[in-house]
Amino acid sequence: TIALIHGAHRMGNRTDADMARWRSLRFGQFIHWGLYAIPGGEWNGKTYNGAAEWIRSWKEMPHEDYDKLYRQFNPVNFNPQQWAAQAKSMGAKYMIITTKHHDGFCLWPSKYSKYTIASSPWKKDLLGPMIEAYNKAGIDVHLYFSIIDWNHPDYRASLKNAADSAAGKRFQVFVKNQLAELLQRYPTIKGFWFDGTWDDSWKNDGAFSDELEQYLQSLHPGLVMGSRLRADEKGARHFDSNGRLMGDYEQGWERKLPATIDDVHGNDWEAVMTVPENQWGYHAKWAGHVKTVNEILEMLVKSVSLNGNFVLNFGPKADGTYRTEEQQLMTGIGQWMKVNGDAIYNGTYAGFEKQDWGYYIRKAGTDSVYMVVFNIPVSGSLRVKLPARTSLTGASVLQSNATLTPELIGRNEYFIHLPNKTTDSPVVILLKTVTGENKEKGSFEKAK
Ligand SMILES: COc1ccc([C@H]2[C@H](O)[C@H](O)[C@H](C)N2C)cc1
């Protein structure tokens, strides 16, 4: 291994209570909200085909036009209690809110910048009421913070000369001050979700990112921060130059999921997902495929089955309301989660051989294993192959509590026959297992 000062400082996952809590939540709501919701992907009658929150980089959007939008930001229909209630009914257990996206506009009245909500017609802090409403609803809040800041005069993508370096130093002080300010204003938040850390100016100062992470942890012990924040002294990001994960969880799964457990290398991880193909902020015209409730449920279940968290993104409109498609998704997902959430919360990798019908999820630290069925075979028989020395002592349909009688078809192998082959939403079966050397024979094993 290479001797590193600013590489990973820990081997393996965090084992403290704050991280265990993050791990148990499994399902989060991302909210991308800011000035970009005003144009909503359109300007001067033209449609921007990129991600709506990147419209300032579009040649058809003059920077000065974008930078004046704050004068119109006035979310008169903003109702944080309603947002929290809808997130709760969807089954989300944590929420990540954009405090400041790459455009640099702050949703809180930061004392370190003029480019904030305080300069808008709305004037008032948007983050405080959100955090209060979500916490009251029993939902943890994490703060998204973009290091890239297109508005700040001292932001540099790269440092080419002494003037750049001086600006870069001032910018680092600004970042540190804003983050400390966020922790001081919102002491109940549980973590930071950093973004915009790919430019050379950041990548080439691993020491600063390392010191910043430690500084934030000192201000707010237990803070959860993913792998997007840091670079090591060689400019490696997410994984240091020895291949070790930096930060508390792998944060690279953006609009993609690991294929198998081998892709996660035993690390905690989180996937963040858009409803359309690639829109985070509000875009008036969603082009391409819009994911359905069942597609999203499969991504959520697959993530949990592979020991990860799944975060679904929402892009509220400039007036503070959600578009219909997003409201309908929250309702549909919530209906399934209400009945089957037990399979998600505290869910972990079961260690059983993957089958085509769907995914196994083990309730952390127990012998309870859920089968979440997405693909019912034409035979109606779900194959279950158990690891050696593990046997079944019970099987039931989670929703109805109907008992199932698995058929032993081989050594540690069963068929579970589903009562009916048709369903328009994933079926969850709860398996009770027992493992050990001198275990009692499982209930369904024929007497020899
Ligand atoms: C260049 O490719 C990018 C850059 C930034 C992103 C940002 C999005 O604006 C959104 O905030 C997402 C979470 N983030 C990675 C996405 C793709």
Side-chain angles (χ1 to χ4, degrees), residues 27-41 48-59 61 63 66 69 92 94-107 126-127 130 141-151 155 157-158 175 178-179 182 191-203 209 224-231 237-239 246-258 269-284 286-288 291 296 299 303 308-318 326:
F27 184 26
Q29 177 192 42
F30 216 150
I31 297 177
H32 274 72
W33 197 34
L35 301 183
Y36 37 78
I38 297 169
Y48 174 50
N49 298 323
E53 70 283 355
W54 277 74
I55 195 167
R56 189 179 182 277
S57 64
W58 182 32
K59 66 179 180 352
M61 166 66 89
H63 285 177
Y66 186 93
L69 290 171
Y94 68 110
M95 185 272 275
I96 307 168
I97 176 66
T98 48
T99 61
K100 177 178 91 169
H101 204 260
H102 311 329
D103 62 5
F105 182 71
C106 303
L107 296 194
L126 289 168
L127 297 185
M130 247 185 258
V141 175
H142 290 238
L143 301 182
Y144 168 108
F145 184 92
S146 172
I147 299 294
I148 283 182
D149 185 324
W150 294 326
N151 180 270
Y155 185 75
S158 62
V175 164
Q178 281 206 316
L179 291 169
L182 286 167
F192 280 117
W193 206 98
F194 288 103
D195 199 4
T197 53
W198 52 81
D199 281 343
D200 285 350
S201 53
W202 189 264
K203 241 169 60 174
S209 67
V224 175
M225 293 176 275
S227 60
R228 281 178 184 266
L229 173 63
R230 288 185 36 209
R237 294 180 56 231
H238 293 281
F239 294 91
M246 293 183 281
D248 303 324
Y249 61 95
E250 189 187 349
Q251 222 178 336
W253 304 101
E254 184 235 324
R255 289 178 296 126
K256 61 180 192 259
L257 297 183
W269 62 276
E270 174 198 80
V272 290
M273 191 59 65
T274 50
V275 173
E277 284 167 46
N278 186 17
Q279 291 297 338
W280 299 89
Y282 173 72
H283 195 300
W286 277 356
K291 296 172 189 72
I296 289 163
M299 292 177 175
S303 299
N309 285 7
F310 180 77
V311 179
L312 184 64
N313 181 72
F314 292 79
K317 294 192 271 191
E326 291 183 352

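Start at 1 and go down the list; that is how both ligands and their atoms are numbered.
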TODO: Run through ligand 1 for me and note each protein residue having a heavy atom under 4.0 Å from it, chain first, then residue number.
DONE: His32, Glu53, Trp54, His101, His102, Tyr144, Trp193, Asp195, Trp198, Arg228, Glu254, Trp280
Open item on the list: Please enumerate all residues that pass side-chain contact (heavy atoms from CB on, under 4.5 Å) together with Thr274, with sequence neighbours excluded.
Closed with: Arg255, Pro276, Trp280, Lys291
Open item on the list: Pairing donors with acceptors under 3.5 angstrom, does anything connect the side chains of His32 and Asn313?
Closed with: yes
Open item on the list: Run the side-chain contact (heavy atoms from CB on, under 4.5 Å) test against Phe239 and tell me which residues pass, sequence neighbours left out.
Closed with: Leu245, Glu250, Asn267
Task: With sequence neighbours excluded, residues passing ring-ring contact (aromatic ring centres under 6.0 Å, His included) with Phe145 - done: none
Open item on the list: What verdict does the side chain to side chain donor-acceptor pair (under 3.5 Å) test give for Tyr36 and Asp103, after you've listed the backbone C-alpha separation in whole Å, the side-chain angles of each residue and the deciding distance to 0.1 Å?
Closed with: CA-CA 9 Å; Tyr36 37 78; Asp103 62 5; over 6 Å; no
Open item on the list: Please evaluate residues Tyr282 and Glu326 with respect to the criterion side chain to side chain donor-acceptor pair (under 3.5 Å), reporting the C-alpha separation (whole Å), side-chain torsions for both, the decisive distance (0.1 Å), and the verdict.
Closed with: CA-CA 11 Å; Tyr282 173 72; Glu326 291 183 352; over 6 Å; no
